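Structure record follows, encoded as structure tokens.
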There are 2 protein chains.
Amino acid sequence: MREEEYLQSLHFNSLRLEDGSIVNMSLPIVLAIDDATKEAIGESPDVALAGQGGDLVAILRRVQIFKHNKEERIARTWGTTAPGLPYVEKAIDPAGDWLIGGDLELLEPIKYNDGLDHYRLTPAELRAEFDRRGADAVFAFQLRNPVHNGHALLMNDTRRRLLDLGFKNPLLLLHPWGFHQTGRRSLGRSDGAAQEGEFHFKIKSFVLEDGVLDPETTIVAIFPSPMHYAGPTEVQWHAKARINAGANFYIVGRDPAGMGHPLEKRDLYDPDHGKKVLSMAPGLEKLNILPFKVAAYDTAQGKMAFFDPSRAKDFLFISGTKKRREPPSGFMCPGGWEVLVNYYKSLQAKEADQKPAPVAV
Amino acid sequence: MREEEYLQSLHFNSLRLEDGSIVNMSLPIVLAIDDATKEAIGESPDVALAGQGGDLVAILRRVQIFKHNKEERIARTWGTTAPGLPYVEKAIDPAGDWLIGGDLELLEPIKYNDGLDHYRLTPAELRAEFDRRGADAVFAFQLRNPVHNGHALLMNDTRRRLLDLGFKNPLLLLHPWGFHQTGRRSLGRSDGAAQEGEFHFKIKSFVLEDGVLDPETTIVAIFPSPMHYAGPTEVQWHAKARINAGANFYIVGRDPAGMGHPLEKRDLYDPDHGKKVLSMAPGLEKLNILPFKVAAYDTAQGKMAFFDPSRAKDFLFISGTKKRREPPSGFMCPGGWEVLVNYYKSLQAKEADQKPAPVAV
């Protein structure tokens with residue numbers, strides 16, 4: 001982003017295009033540089049972007065360099081400047097005091113060679129895949145936790161409701177967040193972040209292999225965006241990015257992209273604000289928002305089921321299963337559970353040294 | 001505002017109306033109440049609003065009470081949560097933890113009986129006055145400082161430029177900010193705030209009486225809005241409110257509604273952001289923004305003149321005249337200067353006890 005787009009994003013959560021149309025854009029997509037890099041660029045109109053190995057990956061044309069007012073960016077994005085926001089600590093605090101924007105010319109698709117590149121589909125590739133499969137509706141589910149059978153229940157139920165509405169072939173875009181982008185700076189290339197991504201995708205494979213979700217009507221891809229935990233501001237980006245990728249239905253729950261206040265014993269955001277803000281967001285007028293139904297483990301049926309408040313005592317909530325060595329039967333497919341248990345064991349071993357990655361069950 | 005409008009204002013600086021049109025609204029207009037008042041209201045659908053003397057002034061119909069998340073409101077409005085923001089300290093910190101919104105039914109125009117009520121014109125009254133005078137263009141000037149001859153030069157020059165553009169009868173809306181609203185809570189009814197307003201208006205009368213501005217083409221009215229010093233967020237409100245009152249040209253300068261950072265030795269806002277944000281603001285697409293030309297005291301000519309960088313040494317900037325006992329001849333009309341000197345003397349006498357009101361020359 002150049003400054004004009006950056007300011008519109010911060011102040012209006014949307015951009016006005018030259019033809020007068022409005023595009024939602026609630027998080028600025030910016031590249032920070034330090035004084036030395038700014039100095040080195042000088043008056044050059046075009047700048048090469050190098051990968052971690054020094055390989056040329058893109059060219060930024062007709063660049064503009066402008067001030068990175070971190071405090072203002074943080075305040076307007078998170079609605080707080082309290083210390084302890086994970087994305088701020090990882091990606092903004094250590095970043096340079098300047099931002100550089102321009103026309104981005106990617107030289108070739110970026111590969112990570114970690115065995116997951118086939119999950120890295122561009123919006124155009126995703127749209128083409130939906131077309132190829134003849135989708136007449138695409139629903140997306142923003143997932144930051146490992147898929148368990150409660151999620152699967154919700155996704156299968158959503159498909160059924162769309163069929164009831166008259167759609168013939170509604171497809172699910174299962175689009176969990178990526179990792180290289182979040183983890184790179186703080187965790188290094190080869191540990192936590194990539195490991196966490198692999199863990200997510202291993203579980204997903206089991207979910208599909210075990211038939212919990214139907215591979216024919218499900219497309220799994222990496223959402224290449226770091227979690228900001230920016231609540232009502234971020235949920236717009238989560239929805240807008242999926243619209244870009246071809247989705248027209250978006251499932252949103254309570255307190256999307258929320259977190260606890262870093263300093264106070266309360267939620268950082270009003271848990272209802274995410275859905276409210278999303279429903280009024282500029283540029284998202286045509287989005288169909290689907291409610292998130294809460295699923296929990298139904299001890300009476302021995303499986304995950306939608307919560308029924310009339311017999312609340314029968315339900316175990318997911319958080320209650322977090323610390324168990326064995327899942328209740330029917331909580332998650334067995335292969336997925338094994339991956340999850342091993343992953344958390346490895347995290348616990350590291351906990352003395354570093355904070356756990358922001359993953360919860 | 002009810003919560004739906006409040007959230008749109010905070011997140012998008014604009015409201016989407018039922019017909020799909022967009023209205024700029026960058027500052028939330030809200031009424032805070034405390035726990036006891038919330039309790040007293042209970043489930044009542046309608047609430048009476050009383051003036052300071054207990055007199056009924058309005059009814060708020062079909063009320064909604066929602067949380068007043070002060071930290072988030074401050075962060076998203078000012079882009080900082082640093083202590084020391086004047087409006088926050090006066091009007092938000094001491095306010096209640098709830099906001100109440102509804103349909104406002106004003107029972108009759110509110111009078112302050114301070115001799116200035118005839119300057120309190122509603123937007124509809126201002127539009128009617130412009131029509132009565134046959135204006136074909138109205139230009140507005142947001143003024144937080146006493147009118148001096150440099151301002152007058154700018155305003156007269158703007159009128160000339162509009163005539164050059166082919167307008168036959170461009171009128172000036174001289175619309176300085178009001179005072180009762182800012183001052184009421186912290187200063188009490190009878191001192192600083194009202195005194196400051198009187199001072200501003202006394203100067204304005206002299207400016208008009210002395211013919212520095214032409215009363216035929218100038219309308220003076222009180223802008224009944226407290227200064228927030230919220231920079232790029234507030235300047236939109238300054239412009240939008242004047243559009244509501246019939247203006248179609250708006251003069252904007254460097255760092256509008258800006259202030260120094262409360263804790264750091266820098267401007268709180270990038271001085272160029274106000275104009276940039278204003279030029280891109282949703283709902284203000286039809287606003288004509290006029291640049292503010294800088295005037296200074298030209299010692300060579302012995303009068304206020306537009307700054308000419310080629311002979312910079314000839315110019316005295318206004319800030320340099322602040323501490324003088326006598327103005328340079330031609331800085332301000334004599335009657336106005338006398339009011340100004342007396343006002344600042346009275347302020348200095350009070351300075352030991354309290355902070356000065358936020359007025360600068």
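All values below come from the heavy atoms of this structure, side chains included, with hydrogens, waters and symmetry mates left out. Please read these numbers as outputs of a predicted model, since none were measured by experiment. Protein chains get the first letters and strands the later ones, always in sequence-line order, with residue 1 at the start of each.
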Requested in this report: For A:E234, check side-chain hydrogen bond (donor to acceptor under 3.5 Å, both in side chains) against everything at least two apart and list the hits.
Outcome: A:H238
Requested in this report: Pick one of side chain, backbone, both or neither for A:E3, based on which atoms fall under 4.5 Å of a heavy atom in chain B.
Outcome: side chain
**Report entry** For chain A, which residues of residues 265-280 of chain B have heavy atoms nearer than 4.5 angstrom
**Finding:** B:R266, B:L268, B:Y269, B:D270, B:H273, B:K276, B:V277, B:S279, B:M280
Query raised in the report: For chain A, which residues from residues 8-27 of chain B lie under 4.5 Å away (heavy-atom distances)?
Result: B:Q8, B:H11, B:F12, B:N13, B:R16
Query - Heavy atoms of other groups near A:E4 CD, more than 12 under 6.0 Å - result: no
Query raised in the report: Most heavy-atom pairs under 4.5 angstrom with chain A, which of B:A82, B:A281, B:P232?
Result: B:A281
Requested in this report: Would you please go through residues 70-79 of chain B and name the residues with a non-hydrogen atom below 4.5 Å from one of chain A, in numerical order?
Outcome: B:E71, B:E72, B:A75, B:R76, B:T77, B:W78, B:G79
